[in-house]
There are 2 protein chains.
Amino acid sequence: MAVSMTEQEWRPDGETMCPYRLVLEHVTSRWGVLVLISLMDRPYRFSELRRAISDVRPVSEKMLTQTLQTLERDGMIHRDAKPVIPPRVDYSLTDLGREAAEQVRGLAEWTARRMGQVREARERYDAEKGRG
Amino acid sequence: MAVSMTEQEWRPDGETMCPYRLVLEHVTSRWGVLVLISLMDRPYRFSELRRAISDVRPVSEKMLTQTLQTLERDGMIHRDAKPVIPPRVDYSLTDLGREAAEQVRGLAEWTARRMGQVREARERYDAEKGRG
DNA sequence: CGGGATCCGAGAGGATACTG
DNA sequence: CAGTATCCTCTCGGATCCCG
């Protein structure tokens with residue numbers, strides 16, 4: 001089974017790693033970030049969400065499914081499957097998920113604001129290495 | 001070369017992905033988080049930092065080196081190599097790095113606070129699946 | 001439409017040995 | 001001590017096919 005978007009355990013003896021790190025990796029994961037931020041606007045259906053995210057970066061169905069399941073299990077996302085044909089499933093943030101999304105968005109926005117400084121730092125660094 | 005703690009480009013045409021996502025992945029990476037938070041206290045030497053982090057989770061020299069280089073290149077970390085025998089290298093946060101560390105710590109602390117709710121959500125979820 | 005199951009390549013990440 | 005270089009393993013993540 002193992003929904004594992006990341007590792008579960010790391011010690012041979014099965015002792016568990018500080019568990020919040022796993023949650024942190026879930027919400028800051030490549031697709032977790034985009035899912036959480038997208039869902040801040042409104043609920044989305046599966047394919048709809050896939051298209052929205054793919055505007056930023058193409059995501060496979062598999063990874064989107066995996067991400068949604070992991071975040072649902074962590075209590076960040078509510079999954080509402082309507083028993084109709086064709087199937088319709090709506091995803092939305094829980095209260096917990098909204099808090100997470102706000103945190104993540106904060107970090108993302110900070111990063112975006114500081115991109116200029118990061119770029120400068122990189123150019124300096126690469127120039128150093130170039131000469132040696 | 002490619003210091004790549006993560007991917008660089010993703011489109012065949014070489015068009016660059018929204019670049020801040022890379023920085024985000026650097027600072028929220030498995031080892032990036034622990035490095036940044038550790039360095040908030042004070043500067044550390046390499047092995048010293050390795051030991052400190054390994055209290056939380058064992059890190060190989062390779063991954064610590066890679067993480068430090070990536071974060072140095074992004075301008076988050078200052079590397080001070082003293083020309084002495086035996087070698088002595090001190091790592092500390094830059095102003096930019098301190099801002100990043102505060103953001104990351106905020107997210108980490110939020111996650112830690114909410115772990116109880118996450119655990120409950122997981123138990124509910126797993127119980128659902130168990131029955132069907 | 002919303003997934004599951006499977007196969008596969010690429011990169012993350014560890015262990016070890018070596019160097020200045 | 002602070003790395004570098006090499007090898008090896010394992011997981012992430014994409015592609016494809018299938019099902020209700």
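Here the structure is a predicted model, which is why all the values come from computation and not from measurement. Residue numbering restarts at 1 for every chain, and letters A, B, ... go by the order of the sequence lines.
Each of B:Asp74, B:Leu22, B:Val23 was compared with A:Thr111 under the side-chain contact (heavy atoms from CB on, under 4.5 Å) criterion, and only B:Val23 meets it. The only option from A:Leu71, A:Leu34, A:Leu93 that meets the side-chain contact (heavy atoms from CB on, under 4.5 Å) definition with A:Leu39 turns out to be A:Leu93.
Classification of B:Arg113 and A:Glu99 as a salt-bridged pair fails, no side-chain N sitting under 4.0 Å from a carboxylate O. Salt-bridge check for A:Arg119 with A:Glu123: failed, with every basic side-chain N at 4.0 Å or more from each acidic carboxylate O. The pair B:Glu128-B:Arg124 does not meet the salt-bridge criterion, since no charged nitrogen lies less than 4.0 angstrom from a carboxylate oxygen.
Between A:Gln66 and the phosphate of C:dG3, there is no side-chain N or O to OP1/OP2 separation shorter than 4.0 Å. Side-chain N/O atoms of A:Arg79 include one lying less than 4.0 angstrom from OP1 or OP2 on C:dG3. The shortest distance between the side-chain N/O atoms of A:Thr65 and the OP1/OP2 oxygens of C:dG2 is not below 4.0 Å. In terms of phosphate contacts, B:Arg45 brings no side-chain nitrogen or oxygen within less than 4.0 Å of OP1 or OP2 of D:dC1. Listed pair B:Arg30 / C:dA12 fails the phosphate criterion, with no side-chain N or O lying under 4.0 Å from OP1 or OP2. Taking 4.0 angstrom as the limit, B:Arg88 places none of its side-chain polar atoms (N or O) nearer than this to OP1 or OP2 of D:dA2.
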Apply side chain to side chain contact (heavy atoms under 4.5 Å, CB included) to the pair B:Arg73 and B:Gln69, showing each step before the final yes or no.
CA-CA 6 Å; B:Arg73 191 172 105 95; B:Gln69 285 175 352; over 6 Å; no
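Residue A:Lys62 contributes atom NZ, which lies 12 Å from atom P of C:dC7 at whole-angstrom precision. Protein atom CD of A:Gln69 is 14 Å distant from nucleotide atom P of C:dG2, rounded to whole Å. Going from atom CD of A:Glu25 over to atom C1' of C:dA12 covers 12 Å, rounded to whole Å. Spacing between atom CG of A:Leu22 and atom P of D:dT11 amounts to 14 Å, rounded to whole angstrom units. Between the C1' atom of C:dG2 and the CG atom of A:Asp80 lies a distance of 14 Å, rounded to the nearest Å. Rounded to whole Å, the distance from CG on B:Asp90 to P on D:dC1 is 14 Å. At whole-Å resolution of the value, CE in B:Met63 and P in D:dT11 are 15 Å apart. Protein atom CD1 of A:Ile85 is 12 Å distant from nucleotide atom C1' of D:dC19, rounded to whole Å.
Computed from C1' positions of five pairs at each end, the angle between the two local axes of the helix from C:dC1-D:dG20 to C:dG20-D:dC1 equals 40°, rounded to 10 degrees.
Both A:Pro86 and B:Ser60 lie close to DNA chain C; mapped to their nearest nucleotides by heavy-atom distance, the more 5′-ward contact belongs to A:Pro86. Position along DNA chain D of the nearest nucleotide to A:Glu61 versus B:Tyr91 favours B:Tyr91 as the more 5'-ward residue.
Here D:dG20 is the nucleotide among D:dG20, C:dG14, D:dG14 with the atom lying nearest to any side-chain atom of A:Pro87. The listed nucleotides are C:dG13, C:dG3, D:dA2; the one nearest the side chain of B:Phe46 is D:dA2.
Of the possible polar contacts, one joining the B:Ser29 side chain to the B:His26 backbone as a donor-acceptor pair under 3.5 Å is found.
In this structure, B:Thr28 and A:Val33 have side chains that are not in contact, with every pair of non-hydrogen atoms separated by 4.5 Å or more.
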